[in-house]
Amino acid sequence: MEKIIKKLFGGLDLTWPKLITAAVAAGVFTAAMAIIPAFQYTSFSTITTSFEVWILIGILIIMNSRSNLDSALKCFVFFLISQPLIYLLQVPFSWMGWRLFGYYKYWLIWTILCLPMGYIGYWMKKDKWWGYLILFPMILLTAYSYSRYLASFIFYMPKYILICIFCVCAMVFYPVFIFRDEKTRRYGAVIGLSAAVVLTVLGFMNPPVYSTELMGSNEEHPFDDTYKASLADEKYGDVEIIYMKNVEDYMLHAELRKAGKTVLTIEAPDGGKREFDLVIEYDTYEVTPRE
């Protein structure tokens, strides 16, 4: 394992043809994760929206470059190829069509920033203590991703466990794999592990709650504050009927704590019940009357 680590973090012959091939492969893989429905709301789809995996790729490019300029150019070219390719491959499958490239502006800015980041990042290879200061912003970005996906893991458990493990390992082991100085490796690992522990505790102390209105009273399904609402399994959250002054009507309010499928029941004062299938996601839901 140690030989593999050393090979990846400084022992690869990263030629331009290999870099371009890797960029195309990364673009194709990421587009597939965005297109294939089975990967939605999983660890594999996270590469389409956040930095953590791309940070690893950037570090590997830097560590296997031959100079500051070589590092800057290779980081820039890799992302200049991979990122637009991701959107290009999605165009035929997206309802947005070519408008999907509107999201590329954000990634284009980061692609341009790869030039100074790749140039400065190469100095990590000097194996000085201040090299960790260069790495630290990448640790912070990974920590931010971890806090996001820990919340997703708590909501979707056991989904997103792989990306959570990846982020924690990255925060702890990047300094161990990049540097040879024992103090830098030790202190860097302790900082990463401490951050992971704090974020984990905070995440479980403040679990995510999806607060929303599932439906409003209407002619087909009327209700008011004399009705009662409940979920078949309370682990998914709580529901209640409330009057909303801004719409001047009764709404079925929900505080949802877990993704999944359950049955929503609305009970009338006379004991009559109507049931609905409720599908819960992190930021959306679907309510369907049961036959």
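Residue indices begin at 1 and follow the sequence shown. All figures in this text were calculated on a predicted structure; none of them were measured in a lab.
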Where Val172 and Gly192 come nearest, the two heavy atoms and their spacing:
CG2-C, 4.0 Å
Given the rule in the side-chain hydrogen bond (donor to acceptor under 3.5 Å, both in side chains) test, do Tyr146 and Thr200 qualify, once you have shown the distances and angles that lead to the verdict?
CA-CA 9 Å; Tyr146 176 62; Thr200 301; 2.5 Å; yes
Can you see whether Trp123 has Lys128 sitting over its ring - NZ or CZ less than 6.0 Å from the centre and within 45° of the normal?
no
Worked check of side chain to side chain contact (heavy atoms under 4.5 Å, CB included) between Val28 and Leu89
CA-CA 7 Å; Val28 172; Leu89 294 174; 3.9 Å; yes
Verify side-chain hydrogen bond (donor to acceptor under 3.5 Å, both in side chains) between Glu248 and Tyr243, making sure each step is shown before the conclusion.
CA-CA 7 Å; Glu248 298 182 344; Tyr243 182 77; 5.6 Å; no
Are the aromatic rings of Trp129 and Phe179 close, with centres under 6.0 Å apart?
no
Minimal non-hydrogen separation, Arg148 against Ser50, with atom names:
NH1-CB, 3.7 Å
In terms of side-chain heavy atoms, does Glu240 have a donor or acceptor partner in His253 at a distance below 3.5 Å?
no
What about Phe173 and Val190, same hydrophobic cluster or not, with Ile/Leu/Val/Met/Phe/Trp/Tyr joined at side-chain heavy-atom distances under 4.5 Å?
no
Report the distance from atom CG of Leu60 to atom NZ of Lys74, rounding to the nearest 0.5 Å.
13.0 Å
Common cluster, Phe177/Tyr187, ILVMFWY with side-chain heavy-atom separation under 4.5 Å:
no
Can you say whether the rings of Phe39 and Phe44 are parallel (under 30°), tilted (30 to 60°) or perpendicular (over 60°)?
perpendicular
Is it the case that the side chains of Ser45 and Gln40 hold a donor-acceptor pair, with the cut-off being a distance below 3.5 Å and no angle test?
no
Arg257 side chain to Glu234 backbone, donor-acceptor under 3.5 Å:
yes
Specify the closest pair of heavy atoms between Gly203 and Ile154, including all atoms of both residues, with the distance to one decimal.
O-CD1, 3.4 Å
Please check if the side chain of Ser71 supplies one atom and the backbone of Ser67 the other of a donor-acceptor pair under 3.5 Å.
no
Could you tell me which non-hydrogen atom of Ile139 sits nearest to which non-hydrogen atom of Met171, and how far apart they are?
CD1-O, 3.8 Å
Any side-chain heavy-atom pair of Tyr149 and Glu52 under 4.5 Å:
yes
Hydrophobic cluster identity match, Ile35 and Trp98, side-chain contacts under 4.5 Å
no
Give the C-alpha distance, both sets of side-chain angles, the deciding distance and a yes or no for ring-ring contact (aromatic ring centres under 6.0 Å, His included) between Tyr250 and Phe223.
CA-CA 7 Å; Tyr250 289 93; Phe223 55 81; 7.4 Å; no
Apply side chain to side chain contact (heavy atoms under 4.5 Å, CB included) to residues Ile241 and Asp224 and explain how you reach the verdict.
CA-CA 7 Å; Ile241 295 171; Asp224 56 31; 5.9 Å; no
Output, in order, the C-alpha distance, side-chain angles, deciding distance and verdict of side-chain hydrogen bond (donor to acceptor under 3.5 Å, both in side chains) for Trp107 and Tyr87.
CA-CA 11 Å; Trp107 289 98; Tyr87 293 98; 3.3 Å; yes
Show your working on ring-ring contact (aromatic ring centres under 6.0 Å, His included) between Tyr41 and Tyr282 and close with a plain yes or no.
CA-CA 9 Å; Tyr41 298 110; Tyr282 193 75; 8.4 Å; no
Any donor-acceptor N/O pair, Ser94 side chain to Met96 backbone, under 3.5 Å:
yes
Output yes when a side-chain donor or acceptor of Asp181 lies under 3.5 Å from a complementary backbone atom of Asp127, and no otherwise.
no
Evaluate the ring planes of Tyr132 and Phe136, with Trp represented by its six-membered ring, and classify them as parallel (under 30°), tilted (30 to 60°) or perpendicular (over 60°).
tilted
Check the pair Gln83, Thr111 against side-chain hydrogen bond (donor to acceptor under 3.5 Å, both in side chains), reporting the backbone distance first and the verdict last.
CA-CA 8 Å; Gln83 299 308 306; Thr111 298; over 6 Å; no
Do the rings of Phe276 and His221 sit parallel, tilted or perpendicular, given the 30° and 60° boundaries?
perpendicular
Between Ile120 and Asn68, does a side chain to side chain contact (heavy atoms under 4.5 Å, CB included) hold up when you go through it step by step?
CA-CA 7 Å; Ile120 296 171; Asn68 295 79; over 6 Å; no
Distance col, row Thr288:OG1 vs Asp277:CG, nearest 0.5 angstrom, shows 6.0 Å
Is the side chain of Lys7 donor-acceptor paired with the backbone N or O of Leu12 at a distance under 3.5 Å, no angle test?
no
Testing the basics here: between Ser82 and Trp54, what is the closest heavy-atom pair and its distance to 0.1 Å?
OG-CZ3, 4.1 Å
Kindly say whether Met63 contributes a backbone atom to a donor-acceptor pair with the side chain of Lys125 at under 3.5 angstrom?
yes
Side chains of Leu56 and Tyr174 in contact at under 4.5 Å (non-hydrogen atoms):
yes
CD1/Ile61 to CG/Leu73 distance, rounded to the nearest 0.5 angstrom?
11.5 Å
Side chain to side chain, Glu213 and Met244, heavy atoms closer than 4.5 Å:
yes
Less than 4.5 Å apart, any side-chain heavy atom of Tyr210 and any of Glu255?
no
Taking every heavy atom of Ile266 against every heavy atom of Met215, the minimum-distance pair comes out as CD1-SD, 4.1 Å
Distance, nearest 0.5 Å, that separates CE of Met33 from OG1 of Thr49
13.0 Å
Can we say Arg66 and Asp13 salt-bridge, meaning some charged N sits less than 4.0 Å from an Asp/Glu carboxylate O?
yes
Measure the acute angle between the ring planes of Tyr160 and Tyr156, then classify it against the limits of 30° and 60° as parallel, tilted or perpendicular.
tilted
Please confirm whether the backbone N or O of Leu14 pairs with a side-chain atom of Asn64, one donor and one acceptor, at under 3.5 Å?
no
Got a second to check how far Tyr236's OH is from Leu278's CG, nearest 0.5 Å?
9.5 Å
Around atom NZ of Lys258, are there more than 12 heavy atoms from other residues, nucleotides or ligands closer than 6.0 Å?
yes
Atom CD1 in Ile163, atom OG in Ser43: separation rounded to 0.5 Å?
6.0 Å
Kindly indicate whether the side chain of Lys126, heavy atoms from C-beta on, has any atom under 4.5 Å from the side chain of Trp130.
yes
Is there a path of hydrophobic side-chain contacts, each under 4.5 Å between heavy atoms of I, L, V, M, F, W or Y residues, that connects Phe9 with Ile4?
yes
Set out, in order, the CA-CA distance, both residues' side-chain angles and the distance that settles side chain to side chain contact (heavy atoms under 4.5 Å, CB included) for Val24 and Ile81, then state yes or no.
CA-CA 7 Å; Val24 172; Ile81 294 172; 4.1 Å; yes
Same hydrophobic cluster for Tyr144 and Ile55, using side-chain heavy-atom links shorter than 4.5 Å among ILVMFWY?
no
